[in-house]
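What you see is a predicted model, and the numbers here were worked out from it, not measured in a lab. No hydrogens, no waters, no symmetry mates; every other heavy atom, side chains included, goes into these values. Positions are given from 1 along the sequence.
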Amino acid sequence: MTGALCALEQVHGFDPREADVIVGTSAGSVVGALLAAGITPLQMRDHQLGKSISEGPLAGFSWDYERATGGQRPKMPKLRGPGSGELLRNSLGRLRHMPTTAFLSALMPEGNGSLERVGHLMDAITPMGEWSSHPNFWAVAMDYQTGDRVAFGQATAPVAPLSEAVMASCAIPGWFSPVSINGRRYVDGGAVSATNVDLVAAAALDEVFVLAPMVSFALDEPDSVLARLERRWRIQVTKRCLSEVEKVRDAGADVVVLGPGPADLEMMGGNAMDLSRRVAVLKSSMRTSAKALADPEQMPGYADAG
């Protein structure tokens, strides 16, 4: 996503910090919050590459990308039944209207991982206990009792500190512990949708860029079983994203969707949490994203600008 943001600024001359609306889900909520705090894509890139940042909210801030979220494998979950019996009960009778991933998230045991360091990062870029200074930054999570999608930052969403909302948006069921906000538990918004593009359909936008690491229009042919399963799941995520995109296009916006293609996927492997591949993926994304944004028709596996 960092590479794609750099390419967006390079090719279109558009500073993504100035977007009227910034929506982030899961890791996208972290990147979105950084943008909303005024951190440039190039500063994100340099920070990823271990270079010193001398200006802005990230100046002097140290972050261990490989270990801050606990590594590439989840800790042993809390083996005491489903993660959300409430969500399972509330799901009865409306399974046809609930994403499969939301239902499955309720069945998974409660995760034991901590996102405390993500919260520290958010507190470092925003006054502790406050929300983003951007007027329309939304971090998407799922209410772990009802299965409802919650876009923290919207006027209709519960009030929460930025750090708690972003941690909630990143709390992968079965991997990280749910995050409690005002007495309710929340998990990763990807349990509802990996992209949540349709949230901006009513925002009266002219142009929308969707940078979606879990969306691909062409796949590689990996050898490992894990990677092949991930690619099959990726196909379903892409279908849902394009369905959401149509709602935004029907509302009058031009939409460009950018995701990793075969070359990027080969770099990523089958485990998106394998951060040993992080720098290689970043460099690949900067190359492929720039080419795809400059001429989507010549890179059909990476972008959709229909």
Side-chain angles (χ1 to χ4, degrees), residues 1-14 16 19 22-32 35 41-42 44-45 48-49 65 72 101 190 193-198 207-246 248-249 253-306:
M1 205 179 308
T2 299
L5 284 169
C6 291
L8 179 61
E9 191 165 32
Q10 171 191 337
V11 174
H12 289 285
F14 170 63
I22 300 174
V23 183
T25 304
S26 198
S29 70
V30 178
V31 176
L35 284 177
L42 290 181
M44 293 186 207
R45 178 203 66 186
Q48 287 265 358
L49 295 175
Y65 284 94
Q72 64 178 335
T101 46
S193 167
T195 52
N196 292 293
V197 186
D198 55 319
E207 190 170 27
V208 175
F209 288 98
V210 183
L211 309 183
M214 303 314 301
V215 168
S216 292
F217 303 104
L219 303 175
D220 60 342
E221 298 180 357
D223 294 327
S224 76
V225 173
L226 176 64
R228 290 200 297 269
L229 290 173
E230 194 271 357
R231 302 305 186 260
R232 292 185 65 179
W233 176 70
R234 184 175 287 272
I235 291 171
Q236 300 307 312
V237 172
T238 302
K239 289 179 179 178
R240 169 151 188 145
C241 175
L242 292 178
S243 176
E244 294 175 352
V245 164
E246 285 309 306
V248 181
R249 287 175 174 156
D254 292 328
V255 184
V256 174
V257 186
L258 182 67
D264 299 312
L265 293 174
E266 184 177 352
M267 294 290 182
M268 293 168 70
N271 179 6
M273 299 293 282
D274 182 1
L275 292 173
S276 67
R277 298 171 175 262
R278 174 178 55 85
V279 173
V281 172
L282 169 60
K283 292 180 178 179
S284 177
S285 174
M286 292 182 66
R287 292 191 299 270
T288 60
S289 297
K291 291 179 181 179
L293 288 171
D295 192 351
E297 293 185 0
Q298 296 301 313
M299 297 283 284
Y302 294 81
D304 174 86

**Request:** Hey, could you give me the CD/CG distance between Glu230 and Leu219, rounded to the nearest 0.5 Å?
**Result:** 8.5 Å

**Pairwise side-chain contact, Leu42 with Cys6, heavy-atom cut-off 4.5 Å (strictly under)** = yes

**Request:** Check for a donor-acceptor pair, side chain of Thr25 on one end and backbone N or O of Gly28 on the other, with a separation under 3.5 Å.
**Result:** no

**Message:** How close do Pro41 and Pro16 get, counting heavy atoms only, and between which atoms?
**Reply:** CG-CG, 3.6 Å

With a 3.5 Å cut-off and sequence neighbours excluded, list the donor-acceptor pairs that the side chains of residues 255-263 form with protein atoms.
none

**Item:** Working for side chain to side chain contact (heavy atoms under 4.5 Å, CB included), residues Leu282 and Leu49
**Value:** CA-CA 9 Å; Leu282 169 60; Leu49 295 175; 3.9 Å; yes

**Item:** Non-hydrogen side-chain atoms of Val245 and Val208 separated by less than 4.5 Å
**Value:** no

**Request:** Applying salt bridge (Lys or Arg N to Asp or Glu O under 4.0 Å), run through Asp264 and Arg234 and close with a yes or a no.
**Result:** CA-CA 14 Å; Asp264 299 312; Arg234 184 175 287 272; over 6 Å; no

**Request:** Determine whether Met299 and Asp295 make a side-chain contact, defined as any pair of heavy atoms from C-beta on separated by less than 4.5 Å.
**Result:** no

**Item:** Verdict with supporting geometry, Val279 and Tyr65, side chain to side chain contact (heavy atoms under 4.5 Å, CB included)
**Value:** CA-CA 10 Å; Val279 173; Tyr65 284 94; over 6 Å; no

**Asked** How far apart are the C-alpha atoms of Arg231 and Asp220, what are their side-chain angles, what is the distance that settles it, and do they pass the side chain to side chain contact (heavy atoms under 4.5 Å, CB included) test?
**Response** CA-CA 8 Å; Arg231 302 305 186 260; Asp220 60 342; 2.7 Å; yes

**Asked** Any donor-acceptor pair under 3.5 Å linking the side chain of Ser193 with the backbone of Gly190?
**Response** no

**Item:** Validation row: Leu293, Gln10 side chains within 4.5 angstrom (heavy atoms)
**Value:** no

**Request:** Determine, stepwise, if the pair Lys291 / Gln298 fulfils side chain to side chain contact (heavy atoms under 4.5 Å, CB included).
**Result:** CA-CA 8 Å; Lys291 291 179 181 179; Gln298 296 301 313; over 6 Å; no

**Request:** Determine which pairs satisfy ring-ring contact (aromatic ring centres under 6.0 Å, His included) with at least one residue from residues 208-229, sequence neighbours left out, and list them in order.
**Result:** His12-Phe209

**Prompt:** Would you say Glu246 has more than 12 foreign heavy atoms packed within less than 6.0 Å of its CD?
**Reply:** yes

